[in-house]
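Residue numbers count from 1 along this sequence.
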Amino acid sequence: MSDSRTTSAPVLPRAWPFEEAQKLATHVDARTAKAGADDARPALLETGYGPSGLPHIGTFGEVARTSWVRQAYTALTGRPSRLLAFSDDMDALRKVPDNVPNRDMLEKFIGQPLSRVPDPFGTHESFAAHNNARLCSFLDSFGFDYEFASSTQYYTGGRFDAALKRVLEVHEEVVGVIAPTLGPDRRATYSPVLPLHPRTGEVMQVKMDAVNAQAGTVQWTDPATGEKFETPVTGGHAKMQWKADWAMRWYALGVDYEMSGKDLIDSVRLSGRICRILGGEPPAGLTYELFLDENGQKISKSKGNGLSVEEWLRYAPQESLGQFMFNQPQRAKRLYFDVIPKTADDYLTHVEKAKTLQAADPKGNDLRANPAWFINKGDIANNTGSPVSFGMLLNLASVANAETPEVLWGFIRRYDASVSPETHPMLACLVEHAIAYYADFVRPAKTFRAPSDKERAALVDLADALRGYEGEAADASTLQNLVFEIGKRHEFEPLRSWFGCLYEVLLGQKEGPRFGGFVALYGVRETVALIEAALLREQQG
């Protein structure tokens, strides 16, 4: 007698990492079902890094996002997993990056594997080693759980030998996949195999005269000298062309998940076909959109446009960078300085919501859909977050012309005597960042305008109304309602134009905080003085 009962699928938290984790779980289930108990290994998630330039903020984004998929996979299935950060450091140096020293020296090593190119910074044994170290140092600072892998070590150590021999067995099929995508000249000479020149060490992109799958070798001719060579593909004597290399790695390592940028859609498709020809199954993955600089151009690690990791972390805490990476990965976003304050405050908002959700249901779907749950690795401590927003701190720094954290802390302690750097470490961090951001971006851009007659009357009215609260402990909500009442009384339409007046006339900027909260933090008496100074400035002007 059959059991007619059906088991409904669990309801996933409404967050993209869980959607990806479900794809990963399905892929692993299919792999295990096909191979049986012999392949009951942890799920393998991979990220790629091209160390031809300094580590880019986009590389961090890929590791962060993949880590969140892994976190969701663990919560969804309870199964083990691994994250491999793979560096393509055996790739040839094709061009000298614009943002490194000793560029003339690097010109001499064009065509050499990056792991054999001297370090222009003079700190490591190779250019690749320098950039790999930079990558690992940064990932470690965020506490990512990952394993670093070097393409050079995998090739020379024999990890890919069996897969490379398999490539030779299906050499013509692989050529048949890639050749139609190439121009006539390149199509005539294409091979997935790139032998290393036994004398110069150069990565040779040449036609194969013969492929011997049984011996595991390729025969080729040096176009510069006419000399013929027979090179084994094993032991690091050769490497694969880009798309074939990606596919070979998926096949050799059994990669279950890897995400990639929109610019690699065609590469993913072709590499997937090659992986199947080799006898493997390409991994599940997400196609994410690219980051744009302030001009709407794609950021590039060789050009150094957009924001660097170090620049972001000068102006905001690392959690805010995580928030930026979490938001809508399949949507293109500008990655420039002006996105930092809002992103930092978005993170703080999510933290406060997550605290409430965590207290009510530590394993609830609503909590696990919250970005802060991912950014804080599943545990939001009580002292996470800040009672004062980053935007508010920036405006406080602006009106106080604050050059040191002590100036801001003076206002903060008067606003709430129970708050200190020790009790609120995130606030302490935000104060430091606010001083730096104010000095570099807010102060140079401050431009005050004179109020209109209508605005002047409303500002005088606001100052008079605020005087009635001097010496009292008025809360932010009461003061915000007062500001609203003044705007309505003077018939500002739309009402946001009244707040635009407050920001532009009093703060010298286009946008600002909830003004009632600002008054509560800055002080009623101080705000009255700020209004009087603005009106006096207008009269003197």
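- In this structure, K333 forms a cation-pi arrangement with F324, its terminal cationic atom sitting closer than 6.0 Å to the ring centre and no more than 45° off the ring axis.
- In plain terms, the two heavy atoms of G285 and Y257 that are nearest each other are CA-CE1, 3.6 Å.
- For the pair F127/D89, no side-chain contact is recorded, criterion being any heavy-atom separation below 4.5 Å from C-beta on.
- Electrostatic pairing of K34 and E281 does not count as a salt bridge here, judged by no charged N lying under 4.0 Å from a carboxylate O.
- Side-chain N/O atoms of S151 and D88 include no donor and acceptor closer than 3.5 Å.
- Contacts classified as side chain to side chain donor-acceptor pair (under 3.5 Å) and involving residues 322-332 (residues at least two apart or in different chains) are given here: Q323-N327, Q328-R331.
- In this structure a side-chain-to-backbone donor-acceptor pair under 3.5 Å is present from K355 to N382.
- Under 4.0 Å is where a charged nitrogen must lie from a carboxylate oxygen, and between R166 and D161 no such pair does.
- Salt bridge present: E227 and R199 bring a charged side-chain N and a carboxylate O closer than 4.0 Å.
- A ring-centre distance under 6.0 Å is not found for F326 and Y347.
- For R159, the CZ atom is loosely surrounded, since the number of other residues' heavy atoms within 6.0 Å does not exceed 12.
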Criterion salt bridge (charged side-chain N to carboxylate O under 4.0 Å, His left out) on R70 and D145, from CA distance to verdict: CA-CA 10 Å; R70 186 184 179 197; D145 178 17; 3.4 Å; yes

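- Cation-pi geometry between R334 and F291 is not met at under 6.0 angstrom from the ring centre and within 45 degrees of the axis.
- Side-chain contact check for L286 versus W16: some heavy-atom pair is nearer than 4.5 Å.
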Assess whether side-chain contact (heavy atoms from CB on, under 4.5 Å) is satisfied between D256 and R31, documenting all intermediate values. CA-CA 9 Å; D256 294 304; R31 181 249 292 168; 2.6 Å; yes

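- In this structure, I375 and G322 approach most closely via the heavy-atom pair CD1-C, 3.8 Å.
- With respect to the salt-bridge test (charged N to carboxylate O, under 4.0 angstrom), the residues D338 and K342 do not qualify.
- Inter-residue side-chain proximity for D361 and L357 is flagged as unmet; no heavy-atom pair is nearer than 4.5 Å.
- No salt bridge links R14 with D366; every basic N to acidic carboxylate O contact stays at or beyond 4.0 Å.
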Residues Y288, K262; criterion side-chain contact (heavy atoms from CB on, under 4.5 Å); working and verdict: CA-CA 6 Å; Y288 56 79; K262 183 180 179 181; over 6 Å; no

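- A distance-only check finds a donor-acceptor pair linking the side chain of T77 to the backbone of Y73 [under 3.5 Å].
- A donor-acceptor contact shorter than 3.5 Å links the side chain of S271 to the backbone of K243.
- For T231 and H237, the side-chain atoms include no donor-acceptor pair closer than 3.5 Å.
- More than 12 heavy atoms of other residues, nucleotides or ligands shown are found within 6.0 angstrom of CZ on R79.
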Yes or no on side-chain contact (heavy atoms from CB on, under 4.5 Å) for F148 and L139, after CA distance, side-chain angles and deciding distance? CA-CA 10 Å; F148 176 78; L139 297 182; over 6 Å; no

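- Applying the side chain to side chain donor-acceptor pair (under 3.5 Å) test between S87 and each of N132, T47, N131 identifies N132 as the sole match.
- Taking 4.0 Å as the cut-off between side-chain N and carboxylate O, E173 and R276 do not count as a salt-bridged pair.
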Could you go step by step and tell me if V218 and V233 meet the side-chain contact (heavy atoms from CB on, under 4.5 Å) rule? CA-CA 7 Å; V218 291; V233 295; 4.1 Å; yes

